[in-house]
Amino acid sequence: MAEGALLPDDPLPPIRELASDLGLAPGTVAAAYRALTARGVVAGRGRQGTRVTSGPPLPTRAAPVIPEGARNLASGNPDPRLLPPIGPALRRLRPTRVTWGEAHADLDAWTRLAREHLDDDGYPPGRVIAVNGALDGVERSLLAHLRPGDRVAVEDPGFSRVLDLVVALGLVPQPVAVDEAGPRPEALAAVL
């Protein structure tokens with residue numbers, strides 16, 4: 001699934017069939033299906049079998065009580081009053097109608113521009129990937145490099161949705177205290 005071989009709503013093979021194909025005991029495959037179901041990666045649909053979901057559901061938290069005078073950073077969103085007006089930028093856009101999966105006329109130009117900026121900033125050559133926001137990028141990175149049960153250093157305090165994502169992916173968050181300069185060295189050393 002992480003490699004994209006299975007897409008949302010794709011069926012998984014029946015347990016006995018997969019166990020036979022892999023040379024495993026059916027109980028082993030059933031345990032794997034249970035673990036994937038518990039994480040929200042797959043769901044049983046009765047006679048339709050077990051199917052891939054659109055992704056692990058992230059839990060929702062009650063809105064925190066923010067003390068008077070404090071800034072609420074939990075949502076990860078900037079204060080709209082601090083942003084420039086968006087109207088002028090939107091008027092400069094030329095809308096393009098692209099169906100999901102179709103080639104996008106501007107994608108090559110965007111990729112080339114991103115690569116130029118990365119080169120200017122001293123990042124090593126490599127592929128560029130477009131993501132649907134920071135959280136999508138974090139999720140893709142975690143899925144590409146980690147497996148359920150792996151430990152992940154997370155800022156404390158940090159963006160609550162990243163913590164929710166780490167837990168939903170079956171990873172184990174390891175809090176690292178931060179100050180105005182970033183992670184505190186002794187806290188990071190303790191986690192490492």
Among all residues two or more places apart in sequence or in another chain, which pass the salt bridge (Lys or Arg N to Asp or Glu O under 4.0 Å) test with R92?
-> none
Report the residue from V172, V162, L146 that forms a side-chain contact (heavy atoms from CB on, under 4.5 Å) with V152.
-> L146
For A32, side-chain contact (heavy atoms from CB on, under 4.5 Å) partners two or more places apart | none
Does the distance from a Lys or Arg side-chain N to an Asp or Glu carboxylate O, for R161 and D164, drop under 4.0 Å?
-> yes
Check side-chain hydrogen bond (donor to acceptor under 3.5 Å, both in side chains) between D136 and all other residues, then give those that pass, not counting sequence neighbours.
-> R140
Considering only Ile, Leu, Val, Met, Phe, Trp and Tyr, and joining two whenever side-chain heavy atoms are under 4.5 Å apart, list the other residues clustered with L188.
-> V176, V191, L192
Residue pairs meeting side chain to side chain donor-acceptor pair (under 3.5 Å), one or both in residues 168-183, sequence neighbours left out, come to none
Salt bridge (charged side-chain N to carboxylate O under 4.0 Å, His left out): which pairs involve residues 5-21, sequence neighbours left out?
-> D9-R45
Do L22 and L12 sit in the same hydrophobic cluster, where Ile, Leu, Val, Met, Phe, Trp and Tyr count as joined when their side-chain heavy atoms come under 4.5 Å apart?
-> yes
CA sep, side-chain torsions, deciding dist, call: L18, Y33, side-chain contact (heavy atoms from CB on, under 4.5 Å) | CA-CA 11 Å; L18 184 58; Y33 278 30; 3.5 Å; yes
Those residues at least two apart in sequence (or on a different chain) that pass side-chain contact (heavy atoms from CB on, under 4.5 Å) with I86 are L90
Residues pairing under salt bridge (charged side-chain N to carboxylate O under 4.0 Å, His left out) where one sits in residues 181-191, two or more places apart or in two chains, turn out to be R184-E186
V154 to P173 - nearest heavy-atom pair and separation | CG2-CB, 4.0 Å
Using side-chain contact (heavy atoms from CB on, under 4.5 Å) as the criterion, list what pairs up with A43, not counting sequence neighbours.
-> T53
Compare every heavy atom of I15 with every heavy atom of P26, then report the nearest pair and how far apart it is.
-> O-CG2, 3.5 Å
Could you note down all residue pairs passing side chain to side chain donor-acceptor pair (under 3.5 Å) where residues 116-125 supplies at least one of them, sequence neighbours left out?
-> R115-D119
Under the side-chain hydrogen bond (donor to acceptor under 3.5 Å, both in side chains) test, which residues partner R91, sequence neighbours left out?
-> none
Heavy atoms only: give me the nearest A187-A177 pair and the separation to one decimal.
-> CB-N, 3.6 Å
With the 4.5 Å side-chain cut-off for hydrophobic clustering, are L163 and V178 part of the same group?
-> no
